[in-house]
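It should be emphasised that the depicted structure is a prediction, and the values quoted were computed from it without experimental measurement. Counting begins at 1 with the first residue of the sequence.
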Amino acid sequence: MTAPPRPRIPLELLRKRNPSQTELAACGVTTIDELYDNVARQFRVPRLVLDDVELSLDLMNLIPGAVAIKHGIVPVFASNDELTIATTDPSQLSLFDWLAREQRRTVTVVVATPQEIERGQQRLYEVRRAPVVEESGDPTIEDLQAATRIVNAIIAGAIDQKASDIHVEATERETVVRYRVDGALRQVDTRKIELHPAIISRIKVIANLDIAIKHAPQDGRIKLPSAAGDVDLRVSVLPTYWGEKVVCRLLDNKRAVQSLDALGFDLQQKEQLLHMVKQPYGLVLVTGPTGSGKSTTLYGALNAVRDPEVNVVTVEDPVEYQIGGINQVQVAPKRGLTFATALRSILRQDPDVILVGEVRDNETAVLAAEAALTGHLVMTSLHTNDAITSITRLLELGVEPHLVAPSILGVVSQRLVRVACKACRELYVPDAAELSALNLPSVPEGTRVARARGCSACHRTGYSGRTAVREMLTVDETLRALIARRATMEEMRACATATGFRTMRFHALRLWLAGITTTRELIRVTRG
């Protein structure tokens, strides 16, 4: 049976950026992509997904930006004999003939969508076409050129100050730039609010996001070379009252290959963790709040077990660091790929070690515990305040005690404390009031602890860098029996303490007595 002929695409429709659903339906399609697939067939030219093509900056010298924007084209490829042009309207024969004469090359035409053309022009010329959306606040070409310099400076400053995050946000009168350094936000720059749309657009362009979407969240990624090696930025755009806010998380790929020694594990803690992850099967938990270094610790543990003879698979949201020799899966809930569905599939991939980025629900928790009981080493993270609480958290998620008790090997609970700046720290003898605030009756004679002063080296904060404080809970048979009968947290904590368990406050006090961190940090991060 012969398929009915497709309706011809009217030329005037090719000059519209966003055809209506009625216009699309009249052409026998439902989406922009289908429309331009049909355009390519109608004009017998290739359909090119322009977003997937890397554009050489040399192309901008062949066709001026003003010409490209006026006619809705993007140069894609050039050789001595040929020039390939992407367009939404292949009927512009006089334009292509003129380009062929001007360039003294054969012009080959490919079809792309208007949105792809616009993004391609932005990547190549760092400008956007004349506004077609009836909306105020669209950036001018001059603003976009200024925004390029501003964004470059913002990112370079963040790398220089070893920031973990960049915040670019709009207020009523200005754009505010803040860095998160050593866990604390600090304001580093302000710009006039009129530049805000251009700054956000520039970040969207280099993150391969759609600049036309302004009223919905978007997520993207930027990869940049730096003197110290490649730096990835995970980009999140959120519409707020005064304008879109961007947060860029800086991901240093070197952190993914750090050893446990480099992560601040003392000898005893390192031996405990290595004993856990060298087991053939079982469940290892790393717990703490957001930004406490859980992922870095999990990657450090992975590095300790990584081996060509071991099949290691991870499921993460998102994949922050790429590690060679490990199969990494990124969840995509909109496509039905959740932690639970990914974990089910991973169990059919003959894994030896499984890393689950985070346990958030009953289904994932139960699957992780069952996998740990059926011959797999499973490492994962939880959001809890301490090691003992993580056990009760699993029970609260609906994992039965008879699954938790035999599967769990141990828990690493951690926080990050700021380190007093070595250039300006001041050592002093703590007074009685300070000791009382820490619930300490006394300290050894002659003990001197650090006070943060602030200098140019630490940007007047008094701190430079962070280090982890941890508590390590190894689950033995006595503790398993308590878990199996749903004992209280107090009973489990007493049992752990009797076998040598030391709290996070204990390890933080050791850093305080050594003059590494301050009383303020000790009180902020740990509980007495």
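Taking 4.5 Å as the limit, every side-chain heavy atom of Thr461 sits out of range of all side-chain heavy atoms of Asp182. Contact annotation: the side chain of Val235 never approaches that of Lys204 to less than 4.5 Å [non-hydrogen atoms, C-beta and beyond]. Side chains of Ile354 and Leu347 form a contact here, defined as non-hydrogen atoms less than 4.5 Å apart. You'll find the side chain of Ile483 reaches within 4.5 Å of the side chain of Val475, heavy atoms only. Contact annotation: the side chain of Val181 never approaches that of Lys162 to less than 4.5 Å [non-hydrogen atoms, C-beta and beyond]. Within the 4.5 Å cutoff, the side chain of Thr467 has heavy atoms near those of the Leu511 side chain. Between Arg119 and Asp210, some side-chain heavy-atom pair lies under the 4.5 Å cut-off. Residues Arg360 and Asp317 have side chains in contact (heavy-atom distance under 4.5 Å, counting atoms from C-beta outward).
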*Going through the checks in order, is the side chain to side chain contact (heavy atoms under 4.5 Å, CB included) test met by Met379 and Val356?*
CA-CA 6 Å; Met379 293 185 277; Val356 182; over 6 Å; no
*Can you list the steps and then say if Ser345 with Gln349 is a side-chain hydrogen bond (donor to acceptor under 3.5 Å, both in side chains)?*
CA-CA 7 Å; Ser345 297; Gln349 291 280 315; over 6 Å; no
*Checking side chain to side chain contact (heavy atoms under 4.5 Å, CB included) for the pair Leu377/Tyr281: CA distance, chi angles, key distance, verdict?*
CA-CA 4 Å; Leu377 178 69; Tyr281 60 90; 5.7 Å; no
*Do Glu363 and Arg344 pass the salt bridge (charged side-chain N to carboxylate O under 4.0 Å, His left out) test, and can you show the C-alpha distance, the side-chain angles, and the key distance before you say yes or no?*
CA-CA 10 Å; Glu363 191 176 12; Arg344 278 201 189 88; 2.4 Å; yes
*Apply the test side chain to side chain contact (heavy atoms under 4.5 Å, CB included) to residues Lys270 and Leu274: give CA-CA distance (whole Å), side-chain angles for both, the deciding distance (0.1 Å), then the verdict.*
CA-CA 6 Å; Lys270 176 185 171 183; Leu274 285 176; 3.8 Å; yes
*asked:* Test side chain to side chain contact (heavy atoms under 4.5 Å, CB included) on Val312 and Leu302; report intermediate values, then the result.
replied: CA-CA 8 Å; Val312 181; Leu302 273 187; 3.6 Å; yes
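Shortest non-hydrogen contact noted between Ala371 and Val378 is CB-CG2, 3.9 Å. The shortest heavy-atom contact between Arg502 and Glu471 is O-CB, 3.4 Å. The two residues Pro406 and Pro401 make their nearest non-hydrogen contact at CD-O, 4.1 Å. Listed here is the closest heavy atom pair of Leu482 and Cys495: CD1-CB, 3.6 Å. Between Leu238 and Pro217 the shortest heavy-atom distance is CD1-CG, 4.2 Å. The minimum heavy-atom distance linking Val315 with Ala342 is given by the pair CG2-CB, 3.5 Å.
Between the side chains of Glu491 and Thr488, a donor-acceptor pair is found at a separation under 3.5 Å. Side-chain contact, Thr517 with Tyr463: no donor N or O sits under 3.5 Å from an acceptor N or O. Defined by atom type and a distance below 3.5 Å, a donor-acceptor pair is present between the side-chain atoms of Thr526 and Arg505. Gln161 and Arg186 share a donor-acceptor pair across their side chains, judged by distance under 3.5 Å alone. A side-chain donor-acceptor contact under 3.5 Å links Thr519 and Trp512. Under the 3.5 Å distance criterion, with hydrogens and angles disregarded, no donor-acceptor pair is assigned to the side chains of Thr374 and Glu370. Donor-acceptor pairing under 3.5 Å is lacking for the side chains of Gln330 and Glu316. Between Gln414 and Thr297, the side chains place a donor N or O and an acceptor N or O closer than 3.5 Å (distance only, hydrogens not considered). For the residue pair Thr341 and Thr338, a side-chain donor N or O sits within less than 3.5 Å of a side-chain acceptor on the partner. Side-chain atoms of Glu358 and Ser381 form no donor-acceptor pair, as typed in the model, at a separation below 3.5 Å. Between the side chains of Thr287 and Ser390, no donor-acceptor pair of N or O atoms lies under 3.5 Å.
No donor-acceptor pair under 3.5 Å is formed between the side chain of Thr364 and the backbone N or O of Asp361. In this structure, Glu172 contributes its side chain and Trp242 its backbone to no donor-acceptor pair below 3.5 Å. Of the possible donor and acceptor atoms, one in the side chain of Arg425 sits under 3.5 Å from a partner among the backbone N and O of Gly515. Under the 3.5 Å distance criterion, the side-chain polar atoms of Gln279 are matched with a main-chain donor or acceptor of His275. Not a single donor-acceptor pair under 3.5 Å links the side chain of Asp160 to the backbone N or O of Ala156. When atom types are taken as modelled, the side chain of Arg520 and the backbone of Ala452 share no donor-acceptor pair closer than 3.5 angstrom. Put simply, the side chain of Lys278 gets close to the backbone of Ala304: a donor and an acceptor are under 3.5 Å apart. Here the side chain of Thr447 pairs no donor or acceptor atom with the backbone of Val443 at under 3.5 angstrom. Although no hydrogens or angles enter the test, the distance criterion places a donor-acceptor pair under 3.5 Å between the side chain of Lys294 and the main chain of Pro289.
Rounded to the nearest 0.5 Å, atoms OG (Ser413) and CG (Leu285) are 10.0 Å apart. To the nearest 0.5 Å, atom CG of residue Asn311 and atom CD1 of residue Ile326 are 10.0 Å apart. Atoms OG1 and CZ, on Thr380 and Phe339 in that order, are 7.5 Å from each other to the nearest 0.5 Å. Atom-to-atom distance recorded for Asp189:CG and Thr175:OG1 is 9.5 Å, nearest 0.5 angstrom. Atom CG of residue Leu394 and atom CD of residue Glu400 lie 12.0 Å apart, to the nearest 0.5 angstrom. Atom CG of Leu509 sits about 12.5 Å away from atom CE of Met504, to the nearest 0.5 Å.
The cationic atom of Arg470 (NZ for Lys, CZ for Arg) lies less than 6.0 Å from the six-membered ring centre of Phe265 and within 45° of the ring axis.
A salt bridge does not link Glu54 to Arg123: none of the charged side-chain nitrogens sits closer than 4.0 Å to a carboxylate oxygen. Asp232 and Arg221 are joined by a salt bridge, as a carboxylate oxygen and a charged side-chain nitrogen come within less than 4.0 angstrom of each other. A salt bridge does not link Arg234 to Asp165: none of the charged nitrogens lies less than 4.0 Å from a carboxylate oxygen. For the pair Arg47 and Glu116, the salt-bridge criterion is met [side-chain N within less than 4.0 Å of a carboxylate O].
Within a 6.0 Å sphere centred on CZ of Arg493, other residues, nucleotides and ligands contribute more than 12 heavy atoms. Within 6.0 Å of atom CD in Gln268, 12 or fewer heavy atoms from other residues, nucleotides or ligands are found, so the atom counts as exposed in its surroundings.
Considering Thr478, Ile388, Leu473 in turn, Ile388 is the only one that fulfils the side chain to side chain contact (heavy atoms under 4.5 Å, CB included) rule with Met492.
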